[in-house]
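In what follows, chains are A, B, ... by sequence order, proteins preceding strands, each numbered from 1.
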2 protein chains.
Amino acid sequence: MSSHDTTQTKILDAAEFLFAERGFAETSLRTITGRAKVNLASVNYHFGSKKSLIQAVFDRFLQDFTQQLSVRLEQLEQEPANELKAETLLAALIDPLLSLNTKRPNAVSIFMRLLGRAYAETQGHLRRYVTERYGHVLVRFTLLFQKGYPELTNDQIFWRLHYMLGSLIFTLAGSDALRQISEADFNRSLEVKDVIEEMVPFLAAGMKA
Amino acid sequence: MSSHDTTQTKILDAAEFLFAERGFAETSLRTITGRAKVNLASVNYHFGSKKSLIQAVFDRFLQDFTQQLSVRLEQLEQEPANELKAETLLAALIDPLLSLNTKRPNAVSIFMRLLGRAYAETQGHLRRYVTERYGHVLVRFTLLFQKGYPELTNDQIFWRLHYMLGSLIFTLAGSDALRQISEADFNRSLEVKDVIEEMVPFLAAGMKA
DNA sequence: CACCAAATAAAACACTTGTTTGAAACATAC
DNA sequence: GTATGTTTCAAACAAGTGTTTTATTTGGTG
């Protein structure tokens, strides 16, 4: 049996869609297994618990994403400081992100909505899990910005990175709905790629303020 | 009995805190009435349902906020276009926001976390309710930006406004946790006001890109 | 004081939730 | 082909949910 249409993959596919659509608490295991067309008990059999299933959904995205991001960061870490401009650094973040869409349709939007929800879970286990497991790439990313913008203090960098993350996650998480509004109002079609490219000059200008 | 410590107010206070802290679905009526020290049935008696309670929590914030914002917008709508710069327009949004903190401590952070959760509820009733009821102020706000930045296309304005909202909500919603990190790393104390003031140049520069 | 509507209280209701159980079906190796 | 370990399935479980019901208490009015 190929790695698609295994029970585990069917569960993950259904779960990530529904979690992004409705949220974690609002999505029951019965809804997930119903959509995945598998037995209810198979979630606990294969993943142990709902909590672990949520983490598994994130792992599948983050392993893929951080691996690609890490390659880009290695290249950039050997560049001189004057090459580390916001546009370049953002590209290192955005390219791996967009490549998710080549494997599964709408993956970027789903991933961003999941991140938004994980971020909202201020006190929950999920935020801790994600930062503990994938926080080191964010640190490397921060260091590159510090190197590229020595005229900014470290906490200016810290905060501006969060401004950028906010714009990215917020916009892309709602991009499906927003794209529909925009397309209706302004009568042109937009892809996720277009939305992001429109955003880069905005963020880069802010970084240079 | 003063308008504080009525049963309704005690419920609203407990609910808004817990909703912001844990989320809507993750907060049970028993937790709310337990914290508020009132009887379980009083929520349904005074508000009708949990759904209506959630809307009431938002109404209390939004009525206060949009009323102050509306006054500022009226003033700005009489200004000439060359006075409508990003810093000015952002101030019209931020001042009413900060004034929430004068009435209840941490109100800004709670309000922003609630907004973040409402925004995440992409398909839910809440987003529809908020936009239908308070969407017109956002429209007025958009029109002012279009007037102040005639060199930008309408959909550039549309998207950049969302970038700004993303930064604002994302940063302020997590500002409690982020402030702690920042204060520990850089050894200086930060107020919500400081976080926002640090943000304005970033956003304004992006607007002029 | 008696009366009545409004508010509070305790208990029960119907329902959904995540998880566990034990048997059946399946696959793999000897 | 039988035995063994893995996976699927239907059913049940205990716990927690929002809501309703039924009494009881409260506070003001005649």
Side-chain angles (χ1 to χ4, degrees), chain A residues 1-60 114 117-118 120-121 123-126 129, chain B residues 1-60 114 117-118 120-121 123-126 129:
Chain A
M1 199 186 305
S2 86
S3 84
H4 300 75
D5 71 0
T6 66
T7 302
Q8 313 203 23
T9 319
K10 285 195 281 185
I11 293 175
L12 284 174
D13 287 341
E16 79 173 24
F17 175 84
L18 291 165
F19 285 154
E21 197 79 4
R22 321 181 179 184
F24 305 114
E26 295 86 349
T27 305
S28 73
L29 294 184
R30 284 169 178 79
T31 313
I32 294 173
T33 54
R35 182 184 169 92
K37 295 194 175 69
V38 299
N39 188 269
L40 167 62
S42 57
V43 170
N44 290 280
Y45 178 78
H46 286 288
F47 296 95
S49 67
K50 184 181 182 181
K51 203 185 265 190
S52 306
L53 171 62
I54 297 175
Q55 294 180 348
V57 167
F58 271 89
D59 274 334
R60 195 167 63 152
L114 288 176
R117 293 192 185 281
E121 275 230 341
Q123 64 150 18
H125 64 106
L126 195 52
Y129 179 80
Chain B
M1 199 187 307
S2 88
S3 84
H4 299 75
D5 69 4
T6 65
T7 301
Q8 312 202 22
T9 320
K10 284 194 284 185
I11 292 174
L12 284 174
D13 287 341
E16 79 173 24
F17 175 84
L18 291 165
F19 285 155
E21 197 77 4
R22 318 182 180 185
F24 304 113
E26 294 86 348
T27 305
S28 73
L29 294 184
R30 285 167 178 80
T31 313
I32 294 173
T33 54
R35 183 184 168 93
K37 295 193 175 70
V38 300
N39 189 271
L40 167 63
S42 57
V43 170
N44 290 281
Y45 178 77
H46 286 289
F47 296 95
S49 67
K50 184 181 182 180
K51 203 184 263 191
S52 306
L53 171 63
I54 297 175
Q55 293 181 348
V57 167
F58 271 89
D59 275 333
R60 194 167 63 152
L114 288 175
R117 294 192 185 281
E121 275 230 341
Q123 65 150 16
H125 65 107
L126 195 51
Y129 179 80

- Item | Neighbours of DNA chain C within residues 38-56 of chain B, by heavy-atom distance under 4.0 Å |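 Of all residues in residues 38-56 of chain B, the ones placing a heavy atom under 4.0 Å from DNA chain C are B:Asn39, B:Ala41, B:Tyr45, B:His46.
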- With a 4.0 Å heavy-atom cut-off, tell me which residues in residues 28-36 of chain B come close to DNA chain C, sorted by residue number.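 Per residue number, the list reads B:Arg30.
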- Task: Provide the closest heavy-atom pair for A:Phe58 versus A:Leu114 in the form atom of the first, atom of the second, distance.
- Result: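 Result for this residue pair: CZ-O, 3.4 Å.
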- Query: Salt bridge between A:Asp13 and A:Arg60, side-chain N to carboxylate O under 4.0 Å?
  - Reply: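 Looking at A:Arg60 together with A:Asp13, the answer is yes, because their closest N to O distance falls below 4.0 Å.
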- How long is the span from the CD1 atom in A:Ile32 to the CG atom in A:Leu40, to the nearest 0.5 Å? 10.0 Å
- Message: Measuring from atom NE2 of A:His46 to atom CG of A:Leu12, what distance do you get when rounded to the nearest 0.5 angstrom?
- Response: 10.5 Å
Once side chain to side chain contact (heavy atoms under 4.5 Å, CB included) is applied, do any residues pair with [X], and if so which ones, sequence neighbours excluded?
{"X": "A:Ala25", "answer": "B:Ala25, B:Glu26"}
{"X": "A:Asp59", "answer": "A:Gln63, A:Tyr129, A:Arg133, A:Tyr134"}
{"X": "A:Ser52", "answer": "A:Ser49"}

- Item | A:Asn44 and A:Leu29: CA distance, side-chain angles, deciding distance, side-chain contact (heavy atoms from CB on, under 4.5 Å) verdict | CA-CA 9 Å; A:Asn44 290 280; A:Leu29 294 184; 4.1 Å; yes
- Given A:Phe47 and A:Gln55, is the side-chain contact (heavy atoms from CB on, under 4.5 Å) satisfied, shown in steps? CA-CA 10 Å; A:Phe47 296 95; A:Gln55 294 180 348; over 6 Å; no
- Item | chain A contact limits on DNA chain D, taken 5' to 3' with a cut-off of 4.0 angstrom to heavy atoms |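 So the contact region on DNA chain D extends D:dT6 to D:dA12.
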- Establish, for the pair A:Arg35 and A:Phe17, whether the NZ or CZ atom is under 6.0 angstrom from the six-membered ring centre and no further than 45 degrees off its axis.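 Yes, cation above the ring, under 6.0 Å and within 45°.
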